[in-house]
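Below is one structure, written out as structure tokens; comments come after it.
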Amino acid sequence: MGYWHRMAELLNGPARLRFIIQPLLAILLGLRDSRNDAAEGREPYLLGLVFQKGRKAKLAEGLKTFSTPLVLAVLLDAVVQYLTLRTVWVWAALVTGLLLIALPYSLARGLGNRAFRSMHRRHA
């Protein structure tokens, strides 16, 4: 059984609400951090991570912020896999955790920074 087939099974399973709650939590964390970034005049998160010096510090800061939700997402996926499929694929749990937490967080932090900076400029 392939990864995407298993994901379809899990989407229809008893823990499908997590596919809404976990990305929503990641988006809220990203927006909170983007507001702080904009207030301090920092570049959007992904742009700073890719193009600025101090990438390690920026990556460490991002990991620190969403490490707990990421670990919980991976553990929750492993538990759901075991309960529904009677097996655990660690790589699949990690990929699912990254898709549900890291991707929404990074996008929300970058886009939120731009929006908050734009609002700050209009009010100034």
Side-chain angles (χ1 to χ4, degrees):
M1 186 181 332
Y3 175 74
W4 295 110
H5 179 46
R6 262 187 345 87
M7 284 300 290
E9 283 185 24
L10 294 176
L11 280 170
N12 295 322
R16 65 181 171 259
L17 188 60
R18 73 190 175 99
F19 288 96
I20 296 168
I21 292 174
Q22 288 176 332
L24 183 62
L25 173 66
I27 289 168
L28 292 174
L29 289 172
L31 289 174
R32 179 198 64 189
D33 292 342
S34 68
R35 187 182 63 222
N36 295 338
D37 289 347
E40 294 174 13
R42 288 188 264 173
E43 289 290 318
Y45 180 70
L46 286 177
L47 288 177
L49 190 62
V50 174
F51 296 112
Q52 286 184 339
K53 292 181 180 178
R55 289 181 196 111
K56 287 182 183 178
K58 196 165 218 37
L59 182 62
E61 175 197 345
L63 286 173
K64 182 177 125 185
T65 300
F66 69 85
S67 63
T68 301
L70 179 62
V71 168
L72 290 175
V74 171
L75 289 175
L76 183 60
D77 189 71
V79 169
V80 169
Q81 283 182 42
Y82 182 75
L83 292 175
T84 58
L85 306 171
R86 296 291 181 230
T87 187
V88 175
W89 293 2
V90 176
W91 285 108
L94 185 61
V95 168
T96 303
L98 288 171
L99 286 173
L100 293 178
I101 298 294
L103 183 64
Y105 172 84
S106 298
L107 290 173
R109 188 167 179 183
L111 294 173
N113 183 308
R114 289 176 188 242
F116 287 122
R117 288 173 74 173
S118 175
M119 288 179 0
H120 283 277
R121 277 188 237 132
R122 276 190 245 148
H123 292 293

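Residue indices begin at 1 and follow the sequence shown. Only heavy atoms go into these numbers, but all of them, side chains included; no hydrogens, no water, no symmetry mates.
The line from CZ of Arg109 to CG of Asp37 is 4.0 Å long, rounded to the nearest 0.5 Å. With values rounded to the nearest 0.5 angstrom, Leu70 atom CG is found 5.5 Å from Leu98 atom CG. For the atom pair CG (Leu100) and CZ (Phe19), the distance works out to 5.5 Å, reported to the nearest 0.5 Å. The CG atom of Leu107 lies 11.5 Å from the OG atom of Ser34; values are rounded to the nearest 0.5 Å. Atom CG of residue Asp77 and atom CH2 of residue Trp89 lie 11.5 Å apart, to the nearest 0.5 angstrom. Between atom CZ of residue Arg35 and atom CE of residue Met119 there is a gap of 9.5 Å, rounded to the nearest 0.5 Å.
Clustering of Ile, Leu, Val, Met, Phe, Trp and Tyr side chains at separations under 4.5 Å leaves Leu111 isolated, with no partner residue.
Residues Ala93 and Ala78 come closest through the heavy atom pair CB-N, 4.2 Å. Closest approach of Gly97 to Ala73, counting heavy atoms only: CA-CB, 3.9 Å.
Hydrophobic clustering places Leu59 together with Ile101 (ILVMFWY residues linked when any side-chain heavy atoms are closer than 4.5 Å, directly or through intermediates).
In this structure the side chain of Tyr105 never reaches within 4.5 angstrom of the side chain of Leu25, judged on heavy atoms.
When each of Thr96, Ile27, Leu99, Leu76 is checked for a side chain to side chain contact (heavy atoms under 4.5 Å, CB included) with Gln22, only Leu76 meets the rule.
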